[in-house]
Amino acid sequence: MQAIKQAVDGDTIQVLSGIYEENIVIETSVYIKPVPGEEVTIRSENLATINCSAMTAKIEDITLEHAGGNASLKGQQGVRCVEVHEGDLELNNCDVTC
């Protein structure tokens, strides 16, 4: 999502309906949500689906999926669907599957 790369602290990013096959890196304090009435899924296989290092960020009403990785690493070092390296990430009404 190019909008996240161009966002500045405090921006709200509304996402159009669809399945997005990508890894999202959040480095600014943003609010990410679907356009009203739309369904959004963000899916990845290799890297974390959401990788956040923003001081504060919020994702609402979005499905997050991670299909790759090694299930035997569950609870150990390995790629996760959502990784927060610093700051706070708030997930509201999100479905998270790993």
Side-chain angles (χ1 to χ4, degrees):
M1 288 186 204
Q2 190 64 28
I4 294 172
K5 293 177 184 174
Q6 297 173 348
V8 296
D9 286 340
D11 279 356
T12 296
I13 298 168
Q14 290 191 305
V15 184
L16 294 172
S17 185
I19 298 173
Y20 297 85
E21 302 274 350
E22 57 187 296
N23 311 95
I24 305 298
V25 176
I26 303 172
E27 296 175 326
T28 55
S29 296
V30 293
Y31 175 26
I32 304 168
K33 64 181 184 175
V35 170
E38 303 282 308
E39 291 186 24
V40 174
T41 298
I42 303 171
R43 178 184 301 151
S44 68
E45 290 188 16
N46 297 320
L47 301 173
T49 306
I50 302 294
N51 190 323
C52 184
S53 60
M55 290 306 297
T56 60
K58 180 177 177 181
I59 300 174
E60 186 170 281
D61 296 324
I62 293 179
T63 298
L64 306 172
E65 298 178 356
H66 188 268
N70 181 344
S72 69
L73 295 176
K74 195 175 207 176
Q76 301 173 28
Q77 290 294 339
V79 176
R80 289 154 177 73
C81 186
V82 178
E83 294 186 2
V84 179
H85 298 280
E86 64 180 302
D88 294 313
L89 174 62
E90 182 179 337
L91 301 177
N92 288 329
N93 200 36
C94 293
D95 290 325
V96 180
T97 304
C98 191

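Residues C52 and A57 share a closest heavy-atom pair of SG-CB, 4.1 Å. Between E27 and A54, the shortest heavy-atom distance links the atoms C-CB, 3.8 Å. Minimum heavy-atom separation, E38 to L16: OE1-C, 4.1 Å. When all heavy atoms of I62 and P34 are compared, the closest pair comes out as CG1-CD, 3.9 Å.
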Checklist entry - side-chain contact (heavy atoms from CB on, under 4.5 Å) between E90 and D88: does it pass, once the steps are laid out? => result CA-CA 6 Å; E90 182 179 337; D88 294 313; over 6 Å; no
Next on the checklist: The test is side-chain contact (heavy atoms from CB on, under 4.5 Å); show your working for I59 and L89 and say whether it passes.
Outcome noted: CA-CA 8 Å; I59 300 174; L89 174 62; 4.1 Å; yes
Next on the checklist: Please determine whether side-chain contact (heavy atoms from CB on, under 4.5 Å) holds for the pair T49 and E65, giving the CA-CA distance in whole Å, both sets of side-chain angles, and the decisive distance to 0.1 Å.
Outcome noted: CA-CA 7 Å; T49 306; E65 298 178 356; 5.7 Å; no
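The CD atom of E39 lies 10.0 Å from the CG atom of D61; values are rounded to the nearest 0.5 Å. Atoms CD and SG, on E60 and C94 in that order, are 7.5 Å from each other to the nearest 0.5 Å. In this structure, CD in E45 is found 8.0 Å from NE2 in H66, a value given to the nearest 0.5 Å. Between atom CD of residue E83 and atom CG of residue L47 there is a gap of 8.5 Å, rounded to the nearest 0.5 Å. One distance of note links NZ of K58 with CD1 of I32; it measures 12.0 Å at 0.5 Å rounding. Atom CD of residue E86 and atom CE of residue M55 lie 6.5 Å apart, to the nearest 0.5 angstrom.
The closest donor-acceptor contact from the side chain of N23 to the backbone of A48 lies under 3.5 Å.
With sequence neighbours excluded, the residues forming a side-chain contact (heavy atoms from CB on, under 4.5 Å) with A7 are D11, I13, T28, V30, listed by chain and number.
Of the residues T97, T41, D95, L91, the one that meets the side chain to side chain contact (heavy atoms under 4.5 Å, CB included) test with L64 is L91.
No single ILVMFWY cluster, assembled from side-chain heavy atoms under 4.5 Å apart, contains both I19 and V40. With hydrophobic clusters built from ILVMFWY side chains whose heavy atoms lie under 4.5 angstrom apart, I50 does not share a cluster with V25. Under the 4.5 Å side-chain contact rule for hydrophobic residues, I24 and Y31 do not share a cluster.
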